Amino acid sequence: EEGAAVPPAAKSSWGPFLKSIASFNGDLASLTAPPFILSSTSLTEYSGYWAEHPELFIAPAKEKDAAKRALLVLKWFLSTLKQQYSSRNEKLGSEKKPLNPFLGELFLGVWKDESGVIGETKLISEQVSHHPPVTAYAIINEKYGVKLEGYNGQKASFSKGTINVKQVGHAIYHLKEFDEHYLITLPSLHIEGIVYGSPYVELNKSTTITSSSGYVATIDYSGKGWISGKKNSFTATLTKEGGKDVLYTIDGQWNDKFTVKDGKSKSEVDSYNAKITKTTPLYIAPIEEQDPLESRRAWQKVQDAIGRGDLETTGAEKSKIENEQREMRKREKEEGREWERRYFSRVEEDPVFTKLAAKREITAEADKTSGIWVFDEEKYKKLLASPAPSEES
Ligand code: CLR
């Protein structure tokens, strides 16, 4: 469960790495991790974790009762945590260091729907800033009028053997039919198991989901819980703004089982088992059909080299991308322009965010994400209407 320990051949690189993080400056991208901890996945791909269960993502759209709808939004959110925070451990044996996306990098895909019931759910993820690294995303299901949009960056610090990561940014879940918005804050986290060479994520403190319909969900993360003693524990409540009563409570483990109980009668009304709920694979276009800015096409050579354990080529191919990027930034600066984001725009203010954030004293911290980012419907529609971009040489 704790993941693979440091492989014998890598032991020699782990000590120096531990020393280097002790004097770490907060920029995760600048961490030079030993090869066995490098993943070949770019951080732009992580946006997909929000909807690997499309059926849960759209479920609130089918619920007529406002309180139950808010509960379904909470349930969907909780169901994303396993993918977000423990899927690398499960698939790769430990937490890994992702590739640091370049400005303008895209990760596009779609969760197809064979059943014909859910409809297609589209993913658009774009790196909107490189210094500091910020990823923005939109996830859209047109059939049910469900849209999630958000952006996030990370602020990290090192203390007492762990890396503490604060997420900056937020997500907004939207239901068209009810014209409802839900503002979701992102959990802080820390990395455990570093000294043993088998890092994994544990969530800190709490997150909230504030809805325009007046419901508030609070999720408290207790880690290796003081309540149950189990990893990844949490308790959550759903309340109506202004009211004192807890409408529903949920508790359990986000990577395992949790149960939903009625706040008054305490009887179980629903449950979820993260271990047996299957994820829907994301469909991504074959590399040769991808745009040159799409993550897997752009990083292909680096990813292949990491897969082969070929450090020299990994470094060389990474440098190629970095140098090319540096050149582009230099040219833009000379010409007094800025890189045009393809799907997102920087705004002074997002009225939806401002309104919901005011209820809970949440701030945008725009200075840490090089602005407030919103999904730009105009740009999106234009792109849908125009033919695929032609090959650049
Ligand atoms: C990115 C946004 C996702 C949720 C998420 C999950 C895990 C986080 C990741 C975010 C950011 C990068 C991260 C990662 C865990 C480890 C990794 C903090 C917040 C760092 C860069 C790796 C450090 C190296 C150790 C493995 C030693 O929605």
Side-chain angles (χ1 to χ4, degrees), residues 2-46 85 87-89 91-103 105 107 127 129-135 152-168 188-202 295-296 298-329 368 370:
E2 301 288 331
V6 185
K11 270 201 178 120
S12 58
S13 61
W14 198 247
F17 173 62
L18 287 179
K19 277 194 201 116
S20 79
I21 48 179
S23 59
F24 161 66
N25 64 5
D27 176 8
L28 285 168
S30 75
L31 265 187
T32 356
F36 78 93
I37 214 81
L38 294 182
S39 126
S40 58
T41 307
S42 156
L43 213 46
T44 53
E45 295 203 18
Y46 286 33
Y85 302 107
S87 57
R88 276 86 49 202
N89 276 72
K91 293 190 185 119
L92 313 167
S94 85
E95 188 55 79
K96 300 263 174 173
K97 184 174 189 279
L99 290 171
N100 184 27
F102 56 85
L103 178 61
E105 182 176 324
F107 184 64
Q127 193 70 9
S129 169
H130 184 67
H131 282 301
V134 181
T135 312
N152 62 280
Q154 296 90 36
K155 280 291 313 150
S157 61
F158 182 84
S159 90
K160 298 192 200 99
T162 89
I163 298 176
N164 293 301
V165 181
K166 182 179 180 276
Q167 295 198 67
V168 273
S188 296
L189 54 99
H190 66 273
I191 313 220
E192 296 204 3
I194 291 183
V195 278
Y196 308 108
S198 56
Y200 69 90
V201 167
E202 189 60 89
S295 188
R296 293 201 190 166
W299 289 106
Q300 187 179 24
K301 289 186 179 149
V302 174
Q303 290 168 332
D304 288 349
I306 292 176
R308 290 195 309 270
D310 176 347
L311 298 183
E312 207 173 306
T313 312
T314 304
E317 291 297 335
K318 253 192 201 172
S319 298
K320 261 193 212 165
I321 295 179
E322 284 157 8
N323 292 338
E324 209 177 284
Q325 288 290 316
R326 225 168 279 134
E327 273 308 305
M328 282 166 78
R329 299 295 89 80
K368 296 194 180 87
S370 76

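The structure displayed is predicted, hence computed values, not measured ones. Because only heavy atoms are used, hydrogens play no part in the values below, and waters and symmetry mates are left out as well, while side chains stay in. For reference, positions follow the sequence shown, starting with 1.
- Here OG of Ser198 is found 12.0 Å from CD1 of Ile191. Values are rounded to the nearest 0.5 Å.
- Under a cut-off of 6.0 angstrom, the local environment of NZ in Lys301 is sparse, with at most 12 non-hydrogen atoms contributed by other residues, nucleotides or ligands.
- The side chain to side chain contact (heavy atoms under 4.5 Å, CB included) check on Glu327 picks up Lys330, Arg331, with sequence neighbours excluded.
- Side chains of Gln127 and Thr44: no donor on one and acceptor on the other come within 3.5 Å.
- Ser295 and Glu105 make their closest contact through OG-OE2, 2.8 Å (heavy atoms, listed as atom of the first residue, atom of the second, distance).
- Judged by distance alone, with hydrogens and angles left aside, the side-chain atoms of Lys96 form a donor-acceptor pair with the main-chain N or O of Phe36 at under 3.5 Å.
- Between Leu28 and Asn100, the closest side-chain pair of non-hydrogen atoms is not below 4.5 Å.
- Here the CD-OG distance, from Glu324 to Ser319, works out to 12.0 Å after rounding to the nearest 0.5 Å.
- Within the 3.5 Å criterion, the main-chain N or O of Glu45 finds no donor-acceptor partner in the side chain of Ser42.
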Exercise. Is there a side-chain contact (heavy atoms from CB on, under 4.5 Å) between Leu311 and Ile306 once you walk through the steps?
Worked result: CA-CA 7 Å; Leu311 298 183; Ile306 292 176; over 6 Å; no

For this session: Walk me through it: do Tyr200 and Tyr85 pass the test side-chain contact (heavy atoms from CB on, under 4.5 Å)?
Result: CA-CA 8 Å; Tyr200 69 90; Tyr85 302 107; over 6 Å; no

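- Here the CE-CZ distance, from Met328 to Phe102, works out to 8.5 Å after rounding to the nearest 0.5 Å.
- To the nearest 0.5 angstrom, Phe107 atom CZ is 8.5 Å from Thr41 atom OG1.
- With hydrogens and angles disregarded, no donor-acceptor distance shorter than 3.5 Å links the side chain of Glu192 to the backbone of Glu202.
- Pairing each heavy atom of Pro98 with each of Leu43, the nearest pair is CG-CD1, 3.5 Å.
- Nearest heavy-atom pair across Ser94 and Ile37 is OG-CD1, 3.8 Å.
- Between Ser40 and Val302, every side-chain heavy-atom pair lies at or beyond the 4.5 Å cut-off.
- Looking only at distances, a side-chain donor or acceptor of Trp14 sits under 3.5 Å from a matching main-chain atom of Ile194.
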Problem set entry | Audit row: Thr162, Asn164, side-chain contact (heavy atoms from CB on, under 4.5 Å) steps and yes/no | CA-CA 6 Å; Thr162 89; Asn164 293 301; 3.6 Å; yes

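- In terms of modelled atom types and a separation under 3.5 Å, the side chain of His190 and the main chain of Val165 share no donor-acceptor contact.
- Here the OG-CD1 distance, from Ser159 to Ile21, works out to 11.0 Å after rounding to the nearest 0.5 Å.
- For the ring pair (Phe, Tyr, Trp, His ring centres under 6.0 Å) test, residues two or more places apart in sequence or in another chain that qualify with Tyr46 are Tyr49.
- Side chains of Lys155 and Lys368 form a contact here, defined as non-hydrogen atoms less than 4.5 Å apart.
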Exercise. Should Thr313 and Asp304 be marked as a side-chain contact (heavy atoms from CB on, under 4.5 Å) after you check the CA-CA gap, both sets of side-chain angles, and the distance that decides it?
Worked result: CA-CA 9 Å; Thr313 312; Asp304 288 349; over 6 Å; no

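- Between Leu99 and Ser39, the shortest heavy-atom contact is CG-O, 3.9 Å.
- Every residue meeting the side-chain hydrogen bond (donor to acceptor under 3.5 Å, both in side chains) condition with Lys320, not counting sequence neighbours, appears here in chain and number order: Glu317.
- Asn152 places no side-chain N or O within donor-acceptor distance of the main-chain N or O of Val168, the cut-off being under 3.5 Å.
- Using a 3.5 Å distance cut-off with no hydrogens or angles, the side chains of Gln325 and Arg329 do pair a donor with an acceptor.
- Rounded to the nearest 0.5 angstrom, Leu103 CG and Ser370 OG are separated by 8.5 Å.
- Side-chain atoms of Lys97 never come within 3.5 Å of backbone atoms of Thr32 as a donor-acceptor pair (strictly under, hydrogens ignored).
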